[in-house]
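Every heavy atom of this structure was used, including side-chain atoms; hydrogens, water molecules and symmetry mates were not. The sequence lines fix the lettering, A, B, ..., with proteins before strands; numbering per chain opens at 1.
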Amino acid sequence: MSELDQHLLEISDLNVSFDSRPSLAPAVNGVSFFVDKGETVGIVGESGSGKSVTALSILKLHAQSVSQSISGSIRFNGEELLTKSEKDMSMLRGNHVAMIFQEPMSSLNPAMTIGSQLMEVIKLHQKVSKKEAKAKAVESLTLVGIPAAQSRLSSYPFQLSGGQRQRVMIAMALLCEPQLLIADEPTTALDVTIQAQILDVLKDLKDRIHASILMITHDFGVVADIADRVVVMYAGKVVEEGKVRDVLKNPLHPYTQGLLSSIPQIGPFKERLHMIRGSIPKPDECLTGCRFCPRCDSKREICEQQEPAYRLFEGQRGTRCWIGTDEYDTSTKGRLP
Amino acid sequence: SSNEAPEASQSPSQESSDASPKASEPAAKGEPINGGKIVIAWPANPANLDPDLTTTSLTNDALSHVYEGLFEFDGKEEPVPYLAKSYEYRDDSKTLYIKLREGVKFHNGKELTSEDVEASFLRWLDVNDAGGIVEPYFDKFEIISKYEFNFKFTKPFAPFRSIIASNSANQKLLIKPKELVEKYGNEVLLEHIGTGPYEFVDWVPDRSLRLKKYKDYVPVDQEPSGYSGRRIAYVDELEFKSVPELAVRVAGVQTNEFQFANDVSLDQYANYKTDKNVVPIVSTPGFQGILAFNLGTPPFNNLDARNAVQYAVNLEELATAMVGNADFWHYNPSFFEEGTIWYDGNAGEGIYKQQDLNKAKEYLQKSGYNGTPIVILNDRGNKQHSDGAIVLKAQLEQVGFKVDVQLLDGATVSKQLADKNQVSSWNINLASFKVPKPDPQVYASWLGTDKWISHWDDELAVKMETAFEKLLVETDQTKRYALSKEVNKEFWSSLPWIRTFDYARLHLAQKSLKGFVNYSTPFYWNVWVDNQ
Amino acid sequence: MTKVKKKHAYLFIGAFIIIFFVLLALFAPWFTRFDPLALAVKERLQAPSAKHLLGTDALGRDVFSRICYGARASMFIGLAVVFLTTVLGGTLGLVIGFYRIADSIISRILDGLMAFPEIILAVTLAALWGAGIKNIIYVLTFAYIPSMARVVRASVISVKSLEYIESGRAAGARNIYLIFRYILPACRSAIIVQATFCFAAAILAEASLSFLGVGIKEPTPSLGGMISEGRDYLGVASWLSVAPGTVIVLVVLGLNLLGDGLRDHLDPKLKTR
Amino acid sequence: MIPIIFICAVIGFFITNLMPGDPVRVMVGEFASEKQVQEMSERLGLDKPIQMRFVMWLQNVMQGDLGDSLYYQTPVTEAIVSRLEPTLLLATVGLFFGVVMGVSLGIIAAVKHRTVVDQSAMVVSVFGVSIPSFFIAIVLILVFGVKLQWLPVAGYEPIAKTGFGVIKYLLLPGFSLGLIQSGLIARTTRSAMLNVLNQNYIRTAYAKGIPKYKVILVHALKNALSPIVTVIGFSLALLLGGTWIIETIFNIPGTGALAITAISRRDYPIIQGCMLFSTLIYLIVNFLVDISYSFFNPTVKYK
Amino acid sequence: MSRVKIEKDIIVEVRDLHKSFDEEHRLFSRKKNTLTAVDHVSLQIYRGETLGIVGESGSGKSTLGRLILRLLESTSGDVRFEGQSITDIPERKLGQYRRKMQIVFQDPFSALNPWMTVYELVAEPIRHYGTVAELDLRKQVIALLEKVGLSEADLHKHPHEFSGGQRQRICIARALALQPAFIVCDEPVSALDVSIQSQILNLLHDLQEELRLTYLFISHNLAVVRHVADRVAVMYLGKLVEVGPVEAVFANPSHPYTRSLLSAMLSIDPDVRRERIKLPGDIPNPMNKPSGCRFHTRCEFSTDLCMKLEPELLDRGNEHYVACHMKELVQH
Ligand SMILES: Nc1ncnc2c1ncn2[C@@H]1O[C@H](COP(=O)(O)OP(=O)(O)OP(=O)(O)O)[C@@H](O)[C@H]1O
Ligand SMILES: Nc1ncnc2c1ncn2[C@@H]1O[C@H](COP(=O)(O)OP(=O)(O)OP(=O)(O)O)[C@@H](O)[C@H]1O
Ligand SMILES: [Mg+2]
Ligand SMILES: [Mg+2]
């Protein structure tokens, strides 16, 4: 792979497990995917599937109080991040890679003004005067559509609505024009109207500064709206990936299929929804075989015995399922619970 | 007349040389140095500084540097003229003629005259406790000239000189200028103007009392002896600080922040001895211990019950608990120390320190004690007394008393002891006096019908009083000795309180303190500081 | 896994220390060879030895026995104060937190009482009522009720608005039931923390009261009283105050561990998963 | 506020006057005669019945006159004011030690949560709260005063005389006081910091690239401050109560020692004055704490 | 859910219901702020139907639900259950109504008493109301658990040992314990994952069929409301702005607010282009609501009339009620 078509972010075989429970399945287990320049990649999956852990691993932002072991490789612009020192990571954070979080209500420091929180980032990463920093802060607030930005600088977070706070978060993330923006469920806690606003802001900005976005969500609607490609995670593993259109229209993995059909559809009203049985496995469950197996309607014996390998296809598609392999075809039907 | 009296500052423990206070005295080695300051750490706060109005001995200790008496006790415990130049008994001893020293100046520059003595005396007579003893026999004060005057009595009044010189329990007559007396009348004095080697600077209650050297002081031309004789102020300033915490008093002397600390722990004597920075000073005679009865209420309004206690008590155990080391306490059945003219070694014979549990039980039976718990009431702030109370309880219970030890705070205790309306709130109180200066008469204010704390009011009290009365009017010393034995006998047969033992006080001096003389009341004239 | 074990370790160590001293106190007569009140004046101020494990005090009493019995008195005071404070202060806090009616008035009064320094209150009341275990308990209870009530009140108020209370109400629960089954368990950790604090404070306050001369009635031993008495002998017989001091430190430490452990243990969310 | 003060004043009056013991006896001494006692109680106006004294006292208090000390014969307010300097300084130094030790222990424990460091810090804090203050004080005196001779063993000189040198009299007592307070402060700080460190905005701060020490000291501490300040305020109120014993031991002529001696002497007006004074201090401290919230909790300021 | 013909039997009727919260008194300020959470709302719920309520956060949906159950006391107005006014009946008599009206909360994590076991939780309402013997009670509880898809094995576990979906099932079992006729579902699936959400929605659906339940279904997920509701009511700042059959409202939103709300819905079909109707500004401060039509500050069609006069909720035909002055917007 030449310098030119090198991926902006490339994660390969990432494993994260928490030392507090070493005997259990790792929270993230052999995850690999990449993000290209200017691309928006969505990661979808149910709660607990390891999306946030993956995202936090990129910037090594895991809670300090819990020790964890990370292995694999995370390359950003070709540089390995996992071996970087804390100091070098600080240079990267907020500067080249920015991150916004799920809960806008609690992600801003309640005791500091918006202005100081914004200017702090600029002063940290760029050598500018106070005045310039201020001007930049105002500019970025205007960019994300906050009216009267100048006067907002002296506001405290609690004086803003949820949507405004999330916009401030975005403004903060974009201050240093990062190459990659990681958004961990940025709209989940927000009302539909505000969610739409935020998505529009993100799209707008992406066009403007050509940043790549890694969008973590559990809502296929968001993915459909904003992403170019999508990665589906289940129980710490990537189970499917591909172009958004391909995955949504033609899901390969039974989990993706189940998820999509569980969503109340616009279209003809249905009496009952399709549903996936059971719930996501606990870390100590289903450690052998395919971890989706207990909930899968099309499982066979092989699924319980052996973990399927991740298979990559044309057009950046991939799936982790026995279906469509010879082993599956020859295997007998698994015992149904 | 008291030639035979041996030195008063004698150690009770000459047999054990290492505990001898003599050995530890910072002897007057080297030349005196002028200047500097002595800080004295006091264990408590004097209630007020009016020497006529308070009985706190600390007040007296300090103000003896400011005020002086007509007479002062010398090393042989004989009251010798001090501000007085000479004296003479006249008129069948009913008149005491005194001639003052001339040219003695008060700190305000005024010269001492008979008028000042008159004013001071009359105030003393009116408000001081000892004045109360004198008053019934006093006739009038007669000024003869600027430096001469007469005290006139209705009867011969033998102990007068001793009383007005006695610095125990603040009986001493201290001479103040007339103006001062007139200004304050019977109110508490807030200024102090005396004739002593140090003058009063200021007093911040609970904090410190400061005195400074009086430049124009003219010492008497006599060798120092006891409280009498030449007083020279070497240091410029004396500061008496209230330091209630024992550890701090000691620590302060060790670090030379204080040069002297009153009343430190006898138990730590050995430690102090080995400390090169300090000199322990065993002050003896220190305290005279008693068990005071409440004679106004059963069971101790009955002599048999008192006898039961007398025979129940084990003095050695009590003394060990209260004082510790046997070097620091000794038996004494008499009112006065062995060695003084009044000492009566035969007093209490057959009854003093004769623990006999069977006899005690017999007496108790005879007394008709009904088993109501008796209350030993004491101030829990006084470690010696509270420890003693606990030991006493155990001893009394052995013979069949039921005992309730009540250790309360000082204010409550003194109130209950004195309260005439609540006579039955206590039965026994452990007390101790600073050993009084020689004359049995001082005891008259405590032992007698309804005096001090005892609520005593029966024929035994009257007999006791009569014994004192006789002593009072007898001026012939030899007859007085005989009469004092009479008093002792009366005391032991009526047991108004139980004589326990005498014990030493322990003070601590800095090694830099020089010229200090161990006396029952510490004083700081003729003393200097040498920091070499 | 290890986290779980560690948390239990606190509970165990704390409980061990406390149980050890409780047993020592309860069964003091079995452990001790000497009567704590028995005077042996001749043997005063002896250093620790085989005969007297922790030496003797100024009246020749065995310090080890006195500590056992003193722990009894101190722990009794601590427990009684904690019990009374928790019951009275807790009830008060529940009532004013839950019903809010008398809240503003009672809170005011509690403020007023908190404003009184507890020591001055204790000293004056002890002077008024006299010394003795019972009065110390009353005094300290009186002094700690306001803070307990306030803590409970605050936690009741914060719990009261939670959804599950409403859910209980929808299920038909009456106020009394809500208070005992819903509110009280939620206040438990606050109460435990405060009770731990009270216990420690009570033991120490007893010591301070002894220092000021209004502690437990002599000659009954108490840890605080022993430290206070022993301080005059620091130079010659340091064990007199060091030994009871160590016991207090251990008890308070154990109690803190126990309190923390208990709090975590009672929290179902933190229970072993 | 006024009603609280009033209630406390009335409670204070009766509590003190109902105390057993008699100021007169204390003043004239144990061996004094009945006559002396009588005169003294007339002089002090204590011969009147308590109801009458209460009415008189109330009238005076309404006019801001707390009466005269029985013992010092000076106005109570004057007595208290003259003792204020050492107490306030001592409380300040105590608070300083308490806060510095408590807050730093708490922060360290929180940052090193669930490690040996955390546990040791908490054990240290328990030590602080579980050793009686007088014991700590005496040990400090023996070590720093006598053994090392770094500091005076006790005593106090007014600031007017010593200037900045006054600090040498305040270090040991201040440290004893601070050590006691630090335990509670450390625990509160630890739990407040733990709470804050788990908040999302801390993660945000790290995500912005802010270095760790800055995140902890600026972002986290600022938010953890309100419970800490509450407990510091509470400590300050306690400190003013706690100075009593320390002042007595270190021989510092402050209001605490004043109150203790007043109690032992039954100097009623002073006791009442001290009670009122501490009530007032408590209320003022509470008020200041409330006000201070607005500095680090913007919600209070703007609402 | 049930598309069967709705009988017009009114089970719950809300008349002019109003709720305002007074802010607590503070130091230094005399002024009391009042927040109107539910503003003179009138509403009828028919037996057997599912009435969906949608609206942005803070629009008063939950408050309305709680007022109906009298978990909150209303400021004014009346709630009638089966024709009986329950507004003024005393607390102790409320029981007989409460057992017929239950609620399922949004957050299954905070709606269950963490100190109770599943058994206690589910048995609790029965214990409070019924006189069922302990043995029968156990059977009854097990039956209820099985009905919601849990098993006897779960009986003695604590809530924290369950996943969100399972907890929501416990909540539902608890609500069903008294065999109510009417259940307020306050965002019962918002906190759940899609796969679990569909399980719960199906469960609610099945139970409704089986027990002839009436639901007041509160949600801000329009797709869900659209899926489950027969009729839908749209709330904005404490007021109903549009009420009507779900097909009518979704197909033909008549209030400008409803329109913008629906336009913000996301589709999982990548081919569907979202045409968002952007609303200027933010939702106003509920303490300080705009005069007249409270939507006028953000409405592109607003006129002077809108600023002055509050529009009433009027039937625009087919039981489709709209509160807007702009008649022309309301076309069928
Ligand atoms: N600090 C931690 N300690 C222990 N386990 C953790 C920790 N953080 C996450 N986990 C576990 O890791 C797994 C993945 O968690 P993660 O937060 O990545 O899920 P997610 O996909 O982001 O879910 P959600 O949609 O709820 O945010 C979960 O099983 C979770 O319990
Ligand atoms: N107990 C209360 N005290 C004061 N204000 C309240 C209270 N409960 C609700 N409110 C306010 O009433 C308004 C309506 O709240 P409500 O919870 O009914 O909204 P909602 O539509 O359910 O919102 P969400 O979708 O966020 O649940 C909000 O502004 C809220 O802040
Ligand atoms: Mg997540
Ligand atoms: Mg709601």
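- Taking every heavy atom of both residues into account, B/Lys383 and C/Ala58 meet most closely at NZ-CB, 4.3 Å.
- A pairwise comparison of heavy atoms in C/Val236 and B/Asp267 identifies CG1-O, 3.7 Å as the closest pair.
- For the options B/Ala270, B/Gly324, B/Ala389, B/Ala394, heavy-atom pairs under 4.5 Å to chain C are most numerous at B/Gly324.
- With a 4.5 Å cut-off on non-hydrogen atoms, B/Asp387 touches chain C through its backbone and its side chain both.
- If you measure heavy-atom distances from B/Asn378 to chain C, you find no contacts under 4.5 Å at all.
- Chosen from B/Glu317, B/Met322, B/Lys393, B/Gln406, the residue pairing most often with chain C at heavy-atom distances under 4.5 Å is B/Glu317.
- Between B/Gln268 and C/Tyr233 the shortest heavy-atom distance is NE2-CA, 3.8 Å.
- Atom CZ of C/Phe83 is surrounded by 12 or fewer heavy atoms from other residues, nucleotides or ligands within 6.0 Å.
- Side-chain contact between B/Ile390 and C/Arg61 is present, with heavy atoms from C-beta onward closer than 4.5 Å.
- Looking at heavy atoms from C-beta onward, B/Glu245 lies in side-chain contact with C/Asp232 at the 4.5 angstrom threshold.
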